[in-house]
Amino acid sequence: MRNSDEEENGLLSKEEEMYQVWRRPCEWTACLQVRRCFSSLVNIEKVRVVEVGPRDGLQNESKFVPTERKVKLVEDLVDAGIGNVEVTSFVSPQWVPQLSDSAEVFSSVKKKPGVNYTVLVPNARGFETAKEVSARQIAVFAAASETFSKKNLNLSVSESLEKYKSICADALENGMKIRGYVSTVVRCPYEGEIKPERVADVAVSLLEMGCFEVSLGDTIGAATPGEVENLLKVVSERVPISKLAVHFHDTCGTALANVLVALQAGVHAVDSSVGGLGGCPYAPGAAGNLATEDLVYMLQGMGIDIGGIDLNRVAKLGHEMCKFLERPNGSKCGQAIYSSSKNSQT
Ligand SMILES: CC(C)(COP(=O)([O-])OP(=O)([O-])OC[C@H]1O[C@@H](n2cnc3c(N)ncnc32)[C@H](O)[C@@H]1OP(=O)([O-])[O-])[C@@H](O)C(=O)NCCC(=O)NCCSC(=O)C[C@@](C)(O)CC(=O)[O-]
C-alpha cells in the first residue's frame, strides 16, 4: 500500500505511479454511473458476462505469457467481480503452444467459492486432464462448418459430436457442468455463409448431450445485427433462448451491436475478453473477442445487472496485458479510460 509521506515527498515507485494513474479513471467512470439509464431497448434485467480472455484471448497472441502471469490474470479478473471465467484449454500443445502450461495454470489459480472456472476440452485426453485437476466445469466446442471443424479439431462435425457424447456422459457422471460452443455460426473463413439451420442442428446435439448452455460463436467477427437476429430466430425455434449465449469477435466493429440484438431476442449470457484479446488460430484474419470493458460499460450504462463488475479494475488488467503483449488495447472503453487518465495527469 502507498505511504502518504512517500507520496507527498514524490517517492513513488513505478508501480505506485501506475496506481495513481488508475485512481483517476475511477473518478471519470463515477460520472458515467450517474448517467446510468434503465433502457426500454431490452427486457433483460440481468446478464451473465463470461470472461474468455485467459483462454480465447491468450491462445492466439504471438507472445507467450508466463504461467504466473496467466494465473494472476485469472485471479485479478475474479477479484474485479467476474464470476465466470474460462481459464485455459487442455488442447494439444502442438496445436496451441501458447497454452502449453494449461494444467499448471488451472491448478495454480486460487479458486474462490461461487465462481465458475471453466476449461475447454477437445477430446478424451483433454477431459482426463480436466478430471486430474478437479475442474468442475468444462466447455466442448463444435462447429457449424465442416472445413472449420476439420481445421480446428481434425474431425468432421459429426465425428466431433460423436466423440463429445461419451466425454459429456462421463463429465455428467463426475458431477461436472458442461458448456457447449458452436463456431462459425454466421460465416466461415473457408466456406463463407453458414445456414442458421445447421447451427441449430449442432446446438441441439450439444444440449442433448447435457450442456447447460450453448454459446454461438461468430468466430471471424463478421456478423451484422440483421444476421444475428435471423440466426437467433431460427435457432430459438428449436432451442430455448435461455440456453443460448453469444460469443462475438470484433473484426468488423459490429460485436456490441450484435450483443444488443441478442439481448433483445432474450439472450442473457455474453462472452467477452479483457482488452479485446485474442482470436482463433484456425480462423485467419479474425480479430479478438468483444472486449469485456466495452461490454461492461454498455450493460452497466443500460442499468442491466451484471453482478458488480468493477470496470476500472478490468480496464487496468486489459491495459496491462495488452502492454505486456505489445499489442494495441482492443477495448475502446479501455483506451478511453486510460487516455482520460493520462490527460488528467497533464
Ligand atoms: C483435438 C486435437 C488434439 C486433435 O489433433 P490430432 O493431431 O488429430 O490429435 P492426435 O490424437 O493425433 O494427437 C496429436 C498430438 O497431440 C497430443 N494431444 C492430443 N490431444 C491432446 C490434449 N488434449 N492435450 C495434450 N496433448 C494432446 C497427442 O498426444 C499427440 O502428441 P504426440 O504423440 O504427437 O507427441 C487438436 O485438433 C487440437 O488440439 N485442437 C484444438 C485447437 C484449438 O484449441 N482451437 C482453438 C479453440 S476453439 C475456438 O477458439 C473457438 C471458440 C470456442 O472460441 C468459439 C468461436 O470463437 O467460434
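Every number for a ligand or one of its atoms is a count from 1 in the order of the listing. Residue numbers run from 1 in the order of the sequence given.
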Part of [X] within contact of ligand 1 (heavy atoms, under 4.0 Å):
X      : value
Phe90  : backbone
Val96  : side chain
Ser183 : both

Exercise. Closest by any non-hydrogen atom to atom 22 (C) of ligand 1: pick that one out of Arg125, His247, Arg179.
Key: Arg125
Practice problem: Using heavy-atom distances, let me know which of Asp271, Asp218, Asn152, Thr219 sits nearest atom 45 (N) of ligand 1. | Solution: Asn152
I'd like to check which ligand 1 atoms, numbered from 1 as shown, lie under 4.0 Å from a non-hydrogen atom of [X].
X      : value
Gly126 : 23 (N)
Leu153 : 4 (C), 37 (O)
Arg55  : 47 (C), 49 (C), 50 (O), 52 (C), 53 (C), 54 (O)
His249 : 57 (O)
Asp56  : 50 (O), 54 (O)

When you measure from the side chain of [X] to the backbone N and O of [Y], does any donor-acceptor pair fall under 3.5 Å?
X      : Y      : answer
Glu162 : Glu159 : no
Ser273 : Leu277 : yes
Ser107 : Ala103 : yes

Practice problem: State whether the shortest distance between N or O atoms of Gln94 and N or O atoms of ligand 1 falls below 3.5 angstrom. | Solution: yes
Self-check item: N or O contact, Val182 vs ligand 1, cut-off under 3.5 Å
Solution: no
Quiz item: Do any heavy atoms of Leu120 fall under 4.0 Å from ligand 1?
Solution: yes
Quiz item: Can you find a non-hydrogen atom of Pro93 under 4.0 Å from ligand 1?
Solution: yes
Can the positive tip of [X] be found less than 6.0 Å from the middle of the six-membered ring of [Y], inside 45° of the ring normal?
X      : Y      : result
Lys111 : Phe106 : yes
Arg179 : Tyr181 : yes
Lys63  : Phe324 : yes

Quiz item: Under 3.5 Å, is there a donor-acceptor pair between the Asp294 and Ser331 side chains?
Solution: yes
Quiz item: Under 4.5 Å between any side-chain heavy atoms of Phe248 and Thr254, yes or no?
Solution: no
Exercise. Give me the one residue out of Lys70, Arg327, Arg69 that meets salt bridge (Lys or Arg N to Asp or Glu O under 4.0 Å) with Glu61.
Key: Arg327
